[in-house]
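Accompanying notes for the structure given below.
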Amino acid sequence: MKVLYFAWLKGKTGIGEEEVTPPAEVADVAALVAWLKTRSPGHAAALDDLRAVRVAVNQDHVGLDAPVAAGDEVAFFPPVTGG
Amino acid sequence: MKVLYFAWLKGKTGIGEEEVTPPAEVADVAALVAWLKTRSPGHAAALDDLRAVRVAVNQDHVGLDAPVAAGDEVAFFPPVTGG
Amino acid sequence: MIRVQREDFDPGAELAAFAPGNARVGGICLFLGLVRDFVGDQPGGTAVRGMTLEHYPGMTERQLEAIEAEARRRWPLDEVLVIHRYGALAPAERIVLVATASAHREAAFQSCHFLIDWLKTKAPFWKLEHTAAGDSWVEARDSDQALAERWGAGDA
Amino acid sequence: MIRVQREDFDPGAELAAFAPGNARVGGICLFLGLVRDFVGDQPGGTAVRGMTLEHYPGMTERQLEAIEAEARRRWPLDEVLVIHRYGALAPAERIVLVATASAHREAAFQSCHFLIDWLKTKAPFWKLEHTAAGDSWVEARDSDQALAERWGAGDA
């Protein structure tokens with residue numbers, strides 16, 4: 001599973017992209033977040049307040065209850081500010 | 001008083017502009033219309049159905065009850081279709 | 001700025017010259033109206049060979065200036081440009097350009113939309129369409145009146 | 001058509017090349033978004049020296065294409081163009097251009113307005129502003145969310 005971080009989330013994790021292999025019971029975004037937060041204090045800080053975080057799975061906007069599986073591309077980022 | 005006709009009203013009157021001197025009792029647009037209709041069959045045809053006619057006095061849109069006086073510029077035209 | 005002219009204009013050059021380098025401006029909205037080659041509102045109508053736009057010199061400028069002033073009263077605008085042509089026009093030719101610049105995108109959008117809606121019902125222009133069956137004056141649409149009225153009344 | 005690019009673009013040339021000579025088109029609406037030189041929503045805020053626009057390559061194009069498709073579902077459009085830049089941008093530089101062409105002026109206006117509103121809340125771009133006090137990520141505005149939501153939900 002590929003995990004991406006953008007904007008200030010990337011600043012907190014210190015990485016833009018990582019390849020991870022969570023345990024099989026990590027089946028949705030909420031479980032993935034809980035598992036990622038154990039990887040480093042930076043991860044924990046980036047994903048601390050999920051009201052400030054948006055998620056995409058395979059480049060589509062999704063909610064915390066969206067399923068995730070091996071091979072997915074999961075991205076975490078703040079609300080967008082383009083245009 | 002200068003009177004102007006545009007679009008199909010000009011086609012019916014046969015003139016785009018005329019200088020007129022209505023009698024003193026012609027004090028508003030409605031009275032002016034009644035007086036102008038006596039000038040020719042073309043005038044009568046142009047001003048027959050006032051629902052299809054718009055009026056400007058001194059280049060401002062006005063209603064039939066607007067006052068008119070010597071020296072004014074009064075224009076009759078269909079609803080506008082620019083843009 | 002208001003320009004009423006017979007000659008064509010270059011929309012790209014107008015946009016390039018509009019509010020250039022003004023770093024207070026966050027958004028520019030532009031509308032360009034063109035001559036369609038069919039009568040009425042749906043493609044497939046009677047073919048239009050061209051049109052002639054008659055106007056009321058003097059009143060046209062006066063009304064357009066009043067509409068610009070009303071837009072500036074309602075929204076914080078850095079620049080306003082309205083160009084409207086008259087005379088003979090072929091299909092696909094440019095008729096009108098409206099552009100607004102503001103710090104705020106919503107103000108730019110709304111004011112540009114307002115300007116063209118009001119212009120359509122207040123500026124003294126009349127379209128004479130030329131078709132194979134002859135010439136006919138375009139009739140004003142109730143829908144244009146409704147679009148103008150959603151902006152409420154004003155001084156213009 | 002969607003273009004996501006680091007390099008600048010020429011709005012005048014883009015407008016000149018947009019739907020040229022298409023006599024079905026009655027109206028073109030264009031919005032151009034620019035970098036302002038102040039923080040926040042009111043001129044007079046802290047000076048901005050420039051910004052860096054980060055984006056999510058791949059998802060950006062995918063989302064913009066979905067938004068274009070949604071606009072084409074909702075309105076009868078002849079042409080759609082969205083150009084969005086990323087990377088380092090100075091004040092008064094161009095960020096985004098949205099243009100739509102339709103037989104109908106109201107469709108051109110509404111679809112252009114819709115595209116920029118939806119893009120603002122759905123396309124994965126993030127602005128990092130550079131000021132004398134340092135760099136800071138621009139926060140999303142509730143007002144932008146409200147402007148997007150007035151268009152209702154869709155497939156995009």
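Below, all heavy atoms of this structure are taken into account, side chains as well, without hydrogens, waters or symmetry copies. Letters A, B, ... are given to chains in the order of the sequence lines, protein chains preceding strands, and every chain is numbered from 1.
- Each of C:Val25, C:Val35, C:Val48, C:Asn22 has some count of heavy-atom pairs under 4.5 Å with chain D, and the biggest count is that of C:Val25.
- Annotation: residues 125-136 of chain D contacts chain C through no residue [non-hydrogen atoms, separation under 4.5 Å].
- The candidate with the highest count of non-hydrogen atom pairs below 4.5 Å against chain D, out of C:Leu30, C:Asp10, C:Leu15, is C:Leu30.
- The 12-atom threshold is not exceeded at CZ of D:Arg49, counting heavy atoms of other residues, nucleotides or ligands nearer than 6.0 Å.
- When the heavy atoms of residues 89-103 of chain C are compared with those of chain D, the residues falling under 4.5 Å are C:Pro91, C:Ala92, C:Ala103, listed by number.
- Scanning for salt bridge (charged side-chain N to carboxylate O under 4.0 Å, His left out) contacts around C:Asp37 gives an empty result, with sequence neighbours left out.
- Among the candidates C:Ala16, C:Gly26, C:Cys29, the residue making the largest number of heavy-atom pairs closer than 4.5 Å to chain D is C:Gly26.
- Residues passing the side chain to side chain contact (heavy atoms under 4.5 Å, CB included) test with C:Arg6, sequence neighbours excluded: C:Tyr86.
- Each of C:Gln110, C:His113, C:Arg105, C:Glu106 was evaluated against D:His113; a single residue qualifies, C:Glu106, per the side chain to side chain donor-acceptor pair (under 3.5 Å) test.
- Contact annotation: the side chain of C:Cys112 approaches that of D:Phe109 to within less than 4.5 Å [non-hydrogen atoms, C-beta and beyond].
- Environment of CD in C:Glu139: sparse, with no more than 12 heavy atoms of neighbouring residues, nucleotides or ligands closer than 6.0 Å.
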